[in-house]
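Quick caveat, the model's predicted, so the values are computed rather than measured. A note on names: the letters A, B, ... follow the listed sequences, proteins ahead of strands, and every chain is numbered from 1.
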Protein chains: 2
Amino acid sequence: MFQLSKKVEYGLIAIRHMAAGGPGQIHTAKEIADRYHIPYELLAKVMQKLAKNYILARNPAELKVAAIINAIEGKPNVTIIQCEAESPENCIIHDTCTIKNPLVKLQLNINRVFEDLSIGEMV
Amino acid sequence: MFQLSKKVEYGLIAIRHMAAGGPGQIHTAKEIADRYHIPYELLAKVMQKLAKNYILARNPAELKVAAIINAIEGKPNVTIIQCEAESPENCIIHDTCTIKNPLVKLQLNINRVFEDLSIGEMV
DNA sequence: CCGAATCTGGACTATTATGGTCGGGTTTAA
DNA sequence: TTAAACCCGACCATAATAGTCCAGATTCGG
């Protein structure tokens, strides 16, 4: 619980690698997979998602970890509370839930943390 | 990913409920389970863990969400990076991993968020 | 003091998410 | 032009999660 998924880890490794190489460099998914001993097929999928979301095109200095997570996980955001993540109708305690509102604030603080770290700072 | 587990949600609901009732009140797990439509057996287990870690005995104003998560999940802390959570030897990329160090800082910020919210603020 | 309600805690099952694999067709670059 | 790399959907194995069942111990109200 509360771990980055392998996909996100791999994505971060790949992006950081590309950022460290400089803007002129060309990198293949194969090369990165070999270098860091990451299963190629998995990394390839991750990078496809990143490419589709134009993550790879961005300036590392302005590329935040949050954007990468969202691109890979597909969700609009990291959502701590399950009631919020799914459709609230499905939540059996949705009207008796007393912890939702306080946790939304906490949520925002978490988001801020991920918005705060850029790839540029990781090279 | 990055959701509180049901166990933690249930634990928070229960603790908040008890805190809201005031210090004199007696609450049973059964009562809380019924009230919030939580499976009793599951809540019971969660509260057992909380009781063993003396969470229930603490002053809500000083009881942080972080302490509750740790008590329920058993882990010393929320650990973002998988390499760090398990034994580092098992990590196949443990010496080529370039993202570990930057993420540790992020980790600390996350921890801070959970250390920042007390039950007292949730009633 | 007795019985009902509640708690304890292990074992077990179901469901889901994750991590990883396979393979066939397509593109790209030397 | 052909080998390497990519795309992408389908698939599988494992592990974590959520929940259930139950039998024995405990507690509490009367």
Please determine if a side-chain N or O atom of [X] lies less than 4.0 Å away from the OP1 or OP2 oxygen of [N].
{"X": "A/Y40", "N": "C/dG20", "value": "no"}
{"X": "B/Q48", "N": "C/dC7", "value": "no"}
{"X": "A/Y10", "N": "C/dG19", "value": "no"}
{"X": "A/K52", "N": "D/dC8", "value": "yes"}

Write down the distance between [atom1] ([X]) and [atom2] ([N]), rounded to a whole number of angstrom.
{"X": "B/K6", "N": "D/dT20", "atom1": "NZ", "atom2": "P", "answer": "12 Å"}
{"X": "A/H27", "N": "D/dC6", "atom1": "NE2", "atom2": "P", "answer": "13 Å"}
{"X": "A/D34", "N": "D/dA4", "atom1": "CG", "atom2": "C1'", "answer": "12 Å"}
{"X": "B/K45", "N": "C/dT6", "atom1": "NZ", "atom2": "P", "answer": "17 Å"}
{"X": "B/I26", "N": "C/dA5", "atom1": "CD1", "atom2": "P", "answer": "19 Å"}
{"X": "A/M47", "N": "D/dC6", "atom1": "CE", "atom2": "C1'", "answer": "11 Å"}
{"X": "B/Q3", "N": "C/dA17", "atom1": "CD", "atom2": "P", "answer": "9 Å"}
{"X": "A/L43", "N": "C/dT18", "atom1": "CG", "atom2": "P", "answer": "18 Å"}

Donor-acceptor contact below 3.5 Å, side chain A/N59 vs main chain A/A61: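 Side chain of A/N59 to backbone of A/A61, a donor-acceptor pair under 3.5 Å: yes, one is there.
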Touch class at under 4.0 angstrom, heavy-atom based, for A/K49 against every strand present: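 Since no nucleic acid heavy atom lies under 4.0 Å of A/K49, the category is nothing.
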From CA spacing to verdict: side chain to side chain contact (heavy atoms under 4.5 Å, CB included), A/L117, B/N109: CA-CA 11 Å; A/L117 180 63; B/N109 290 333; over 6 Å; no
Over all atoms of both residues, closest heavy-atom pair of A/Q3 and B/F2: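 Scanning both residues, the minimum pair turns out to be O-CE1, 3.7 Å.
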Shortest non-hydrogen contact from A/H27 toward A/I32: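 Smallest heavy-atom distance, with atoms named: CB-CD1, 4.2 Å.
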CG-CD1 distance between B/L4 and A/I99, expressed to the nearest 0.5 angstrom: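 Going from the CG atom of B/L4 to the CD1 atom of A/I99 covers 7.0 Å.
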Side chain of A/T28 (C-beta onward), nearest among D/dC22, D/dA5, C/dT8: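 Per side-chain heavy atoms of A/T28, the pick is D/dA5.
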Given C/dG19, D/dT20, D/dG9, the nucleotide with the shortest approach to the side chain of A/L42: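 Output: C/dG19.
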No-H, no-angle donor-acceptor pair, B/E41 side chain to D/dC22 base, under 3.5 Å: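 Yes, a donor-acceptor pair under 3.5 Å.
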